[in-house]
Every structure is written in C-alpha cells, then in structure tokens.
Visitor: 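Would you mind keeping the following structure in view while I ask a few things?
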Amino acid sequence: QAGSVGGGAAHHPARDAPAPGSAMAIPHRGMAPPSAARKAGLIFVGGAFALMALMHVADIHPPGRRGSAAVAPASLAALGAPAEAHDAPSPVGFADQYVQLDLSYLRWLWWPAILYLFWGMAYVCDVYFVRTIEVISERFEIPDDVAGATLMALGCNGPEMALNTIAIFHPSNIGVGAVVGGEVFNVLVIIGTAMLATPDMYLPLKLGKFNFFRDVIFYMVSVALLYHTLKDGLISRFNSVMLLCGAVCYTVVVVYSSRLANLFRTSPALRMASKRFTPKVTFSKMLVGQSLDDDDSDDDVEPEMETIQRWNDASGCADPSEGSVFSVRVEMRNRMMDRKHVSHQRYMWLREDALVVSALVNPQPGQELLKRNNSGIAYDHGGEKKNGVADHWHHGGLVNQPMFLDETGNPKEDQLSSVSQAGRPLLNEAAQKRESGAGDKCPPAYSIAGFKEAPWEIIPLEDILYCDRPTDQTHFNLHVHQHDSHLGNLITLEMFTSNVKVMDAWVIAFRQQLSNLRRQNVDAPEAKSFAEGLMEWAEWTQFPVKWFVARSIPDMDDPKLQHLYPVSFFMSMTWLAIFAWSVVKACDGIHQEFGISDDILGFTVAAAGTSFPNVFSGMCVAKQGKTSMAIANALGANVQNVFLALAVPWTIQSVFLVGGPFPMPVNNLLPAVLECAITLAPVVLIYIFNGYAMPRWSGAFYLLVYVVYVIFALGQQISKCPIWPLHCADPALV
C-alpha cells in the first residue's frame, strides 16, 4: 500500500479524484471509470442521437421559428399511423387515438445545451490546454514572468480566442460580444465575489498601487484601441497588427514591473505626486474618526539577522520535522488563476497529522519589493507588533487560509472562528495530542520572532491525496483536496529545491506518513450530502466529453508523454474549435427560436459562459487570502482578451487569408465601449478614496452594478435604442 501512495506519478487530480479521507483515497492512473458512469454516458449519447433521429424521421420542428409559421403539435400518427382504415392498427397508430405530443418545448433544450458546451470549453482549456502550454514553457526554459505574460495568457483566453477563430469561417459577432461583455463580467463579478469571500483579517484589502494602475491603464488603452478598430466596421491589417503591438508592450511592462515599480518608489517627484493625490481621510475611517496614520501603514519591518540565518539554514535542512525551504508553485487547474506561472520560497515543516507552511516572506535582502509587487502577497490587519511596528505583508495560503498560532503551535481561539465546522475537529484533535505531549514538537524556527509572529497555514495530511516525483528529479508534487469543499477543488503543489538530499528526505517522509494514515483510517465513509449527490449526477453528464477528450489528447501530466506536446497543443485547439463552433450554432438556434439577437447573446450569455468557471476559482484563492491575485488576474485577462483573443484571429484573417480588410460590423459599439469604462469607474474610485484599499461592501456593490449593466444591455437590445432608458427621438438611432 505504501507503494501505491508514491505511485501514480502521472495521475491528474482534476480528472480522477477519489473522496478524501477514505481507504480508497489513493488514486491510480488507468483506473476504469465506474460502470454506472459508463452506462450513464452511453445512455446520454444514445438518447441524444435517438432524439435527433426521431425529429429527422418525423420532420418535426418546434413552433415559433423565425421566418416560418408556427406548426400544430405533431401527432404520433406521423410516426406510423395506418394509412387506410382497413389496415391493422399499429401500436403507434393505436396510441395516436389517445396521445398528442407537443414538441414545442424542445426549443428550451438550447439553454442547457449551450451551458454544457461552455463547460466543455472550460474543461478542455483548464485541464489540457493550459497544462500543455506549461510543458512548452518548461521545455524551452522560458522564464516564469515571460511565460506568464505571453504563453499562459494565450491559454487563459483560449475560449474567447476559439470563438473568434471560428468567426473566420462562420461569420458571427458572438466572439466579439463575448470579449466585450467578458470585460464587464471579469471586473464586476469576479472581483465582487472574490471580495465577499475574503477573510476578515485581510479587509480592507490593500493592493499594490503600481500593479493595479498598470492593469487599469492598459485595460482602458485596450478598450480604446478596440473601439478605434471596430468603429468603421472593417478590420484592416494595420488594426490587427496594432493590437498585437499592444500585447507586446503589455508583456514588456509586466516582465519589467519590479524594476519600474522600484523606479516609481525611489523617484522623489513621483513619491510626492503619490502623496499629493492620496485622500487624507477614507470612507471607512471617516466613519470612526481615524486618520491614515496608524498601524496600517505600508512601512516594512527590517528582518532580524536571526530570522535570516534560520531561513538560510532551513534551505539545506534535510529533516522534515525541523523544517525546510522550498520554492512552491500552485496549480489550480484554472486558466485565470494559473496565468502568473511563478513560484515563491516558503518555509514549511512536517507533522504527523499535517504540513505546516509559514506565510513569512523571504527575509533575505533584496526581497522588499516582493511585498507589494506580487499578487500572491496579502496584507493582514492582525499582524503582531515588534518594536512598536507591525509587519503586515505575508504570503496568502497555498490551500487554506493562514492562521496565527500560539506558543504550542495551536491556532489561537480568535482564529478558529474562520475555520469551517468540518475542519475544527481535526485541528482540535491535533491540539490535544500536542498538549498531552503525544504529538509533534514545534521546530526551533518557530521560537524565532520573525517566524512566530507570521501566520501559518495548516494542510491536514488527510487532504493530501498522494505525493509523486516526476522522472526529471527537479521537484515533487503534492495533490491536495481542499478540506470541506463541495466543488471538488483540487490543487497541485509543485515543490522545487536544488538540494537532492532535501528532496529525497521529504518524499520518503510524505510517502511513509501517508501510508500510515491510510492504514489507520478504517472507518466507513461518511454519508454523501445532497450537494455531493448533485455533483454525481453532473459527473454522469460530463462523462462523454471527458472520455472522448482523454483518448484524443495526450496527458501532459505523464512525463512519458510530454514529448507529444505538439499533438496535445493541436488536439486541444481542435476540441476548443469544436466547442466554439457548437456554441456559435447554439446561439444561432437560440436566435431563431427566441428572437434574441446575436449581440445580446454575445454581451451576456457568451460572456458569462466563458468566464463563469473563473468565479469559483477566484473565490477559492480569496479564501486563502490571495484576493489580490484574483483581482490582478481578472484585470490582466481583460487586457489580453483584446490584445490576444481578438488580435491573433484577426491578424491571421487579414494578413494571411484575406490579404486586406474584412467586415466586422458590431451594433451599438459606442454604448458597449462606454459601459466598459463606466463599470470600471466604481472599482477605481473605491480603491482610491478608500486609501488604496477595498472594503468588503465593495464586493456587493460591484455585483449590484453588474445587475444594473445587464438590465441596461437588455433594455437597449429589446427597445432597439442605444440610449435606453432615454427616448430615441432621432429615427436614425432606432
């Protein structure tokens, strides 16, 4: 059994995840899917083909189709009723005397069908396409910051780019509408839900000024260039290449963000301008009569030499119980949250029951700018003071929310309020063991002020599915299931170190402790909740797509297949194109059956469908204290939506296929562009006037603004008036 824990190096947790905490929680690659899932998948596919065959044979069309008169309900006699009275009645003809079928309801199947297609696009992009791009960047040794701003950005915008690529061969405004509407959705919905999911200790949320305004400025520039490109209804070679140049400029600025931020930070003139335009009193502090001159200042605390020395010693420590330093990269299998593709050094130590990770930022000299210029750094308002100054900038959690611990290594009482009810018994049991002397002892680093005063993240071993070590011997992986998560959030932690002895010791320790834990856990699995039952039904419907995709795209998580990355890239793009074409056809069907224009379908349905999976991932990282990452990725994705998802297909069409301009008419373009700017304004204004921070109530406000935006968009389309709710007096506007 111990061997099975360390085996399965190529297992993909996002595609084959057993229930955590059970005796069967050790996954194996190649495990056959449950027979029930197979039967359900075959029934699903067979039923769909049977339904299409039935409609084809009967020549039945639901009423309400635009351009044709509504037909009467179809009779079963059309399927086999006797032609003459003297013929023996068939069962279908006999049933026709008593049963009448009205198939008009079939048109409502377009809506679940298009939702299913959106899920298929997100699945292929998150699980296969993004991972393939990661393998490409690793094989060609592309630096993380460059890969994150170029190749990973390409993977992030895969669904939008696929929709616009299909528009080359099947002209449609769905792709452009998905990009323009997705801009508003990402800014308001993803940021709003992430703010509502942020723990109290990080609120109001402080964000790095340079990164925030960098993405806001490029976002506004991209929207302005998009309007300039589409205003005459033609896409020229100059327009498409200009958008690509914008992508190059954004990439250069992202890669050199640290140097540019240092320039802004050290420039006296720029510092004076920043202080001049900083509000003296914020909205929230004005209510309680506080000034900005308090503990929440951004002043850094100089790390003590003892902390630096212990950090350096841990970098070469091969004893997991004493603690070691690893470069950790988190993979959430989500195209938006994985777009940065960077790793950070973290100190951690292994207990009998859990992996404990410090949120302390690397204290070595030269790491000061990391605190504000990295989206994974969080500012907590409960930091411990030393020498009268509080150092609040720490890493967010890898899997769970970090907490402050007491002298015995147990979570403080006020910290348990943020822990879920399902996770408290596990923490309480571990605390009782340590208090009785039966548990692990804290490592020496825990008694050092720099480590002790920073929050710690506890990852129970029960949540770790397994540990594997790829054949390249450069790192090992931990596949972790988020505790008490009904959404099946599975996270891969890639642990890097140049010291082979340290890596060997940790892999052996993990495999041994996981094996012991599996042998001790002999309890029957808990009864499944209602939500878990619904997830099983959803998995049945997902099985056909997962089965066909898994057998046509090489698995890039298997080191033995990574040399097939060109095949994986091509097949991923092929599946994205298939789903994108199906989405366009489904939108055409909805347009014909319900009379909804392609413009409104693109701005609302397609925009929400391509971006909605990112909402849950944004909330997931927000619960870990990395809300700044969700905000940065949402704004960055908006920029690359224009500079890549639109520019790449348009460049291919205008330069290589058409050899000149091609038509791309978009109705009500100016109101759509203005709505992008107007919906961004609340985010920027709240950030500035709240002392460069965002309070929790801003999340609910952003969601409310999005509801208002949808109402206005629907009103404009239904009334055919671009200035709705105002009256269109000029007939030319109608």
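Here, residue 1 is the first one in the sequence, and each next residue gets the next number.
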Visitor: Parallel, tilted or perpendicular, judged at 30° and 60°: which one describes the rings of Y116 and W119?
Guide: tilted
Visitor: Taking all non-hydrogen atoms of both residues, which atom of P159 and which atom of C125 are closest, and how far apart?
Guide: CD-SG, 3.7 Å
Visitor: Quick test of your reading of the model: are E593 and R107 salt-bridged, counting only N-O distances below 4.0 Å?
Guide: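 The answer is no: the pair does not qualify as a salt bridge.
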Visitor: Can you list every salt bridge (charged side-chain N to carboxylate O under 4.0 Å, His left out) pair that touches residues 180-198, not counting sequence neighbours?
Guide: none
Visitor: Name all residues meeting the side chain to side chain donor-acceptor pair (under 3.5 Å) criterion together with S552; count only those two or more places apart in sequence or in a different chain, and write none if there are none.
Guide: W575
Visitor: Taking only residues two or more places apart in sequence, or in another chain, which ones meet S597 in a side chain to side chain donor-acceptor pair (under 3.5 Å)?
Guide: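 Applying side chain to side chain donor-acceptor pair (under 3.5 Å) to S597 gives Q717.
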Visitor: Rounded to the nearest 0.5 Å, what separation is found between the CG atom of L644 and the OH atom of Y250?
Guide: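 Going from CG on L644 over to OH on Y250, the span is 10.5 Å.
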Visitor: Going by the rule ring-ring contact (aromatic ring centres under 6.0 Å, His included), which residues pair with F118 if we only count those two or more places apart in sequence or in a different chain?
Guide: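 Residues passing ring-ring contact (aromatic ring centres under 6.0 Å, His included) with F118: none at all.
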Visitor: So, using side-chain contact (heavy atoms from CB on, under 4.5 Å) as the criterion, who are the partners of A197 when residues are at least two apart?
Guide: M619, A622, K623
Visitor: Taking side chain to side chain donor-acceptor pair (under 3.5 Å) as the definition, give me every residue that meets it alongside S222, ordered by chain and number, with sequence neighbours left out.
Guide: none
Visitor: Could I get the full list of salt bridge (charged side-chain N to carboxylate O under 4.0 Å, His left out) partners for D588, not counting sequence neighbours?
Guide: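 Listed in chain order: nothing, the list is empty.
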Visitor: Return each pair, listed once, that meets salt bridge (charged side-chain N to carboxylate O under 4.0 Å, His left out) where at least one residue sits in residues 676-697; pairs must be two or more places apart or across chains.
Guide: D200-R696
Visitor: Would you please name every residue forming a side-chain contact (heavy atoms from CB on, under 4.5 Å) with A113, sequence neighbours left out?
Guide: none
Visitor: I'd like to check the side chain to side chain donor-acceptor pair (under 3.5 Å) partners of E457; sequence neighbours left out, ordered by chain and number.
Guide: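 With sequence neighbours excluded, E457 shows a side chain to side chain donor-acceptor pair (under 3.5 Å) to no residue whatsoever.
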Visitor: Suppose we screen for ring-ring contact (aromatic ring centres under 6.0 Å, His included). Which residues come up paired with Y202, at least two apart in sequence or across chains?
Guide: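 In terms of ring-ring contact (aromatic ring centres under 6.0 Å, His included), with neighbours along the sequence ignored, Y202 is linked to no residue.
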Visitor: Can you name the residues that form a salt bridge (charged side-chain N to carboxylate O under 4.0 Å, His left out) with E675, not counting sequence neighbours?
Guide: none
Visitor: Does this structure show an ion pair linking K546 with E539, if we count only N-O contacts that are shorter than 4.0 Å?
Guide: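 Salt bridge absent between K546 and E539.
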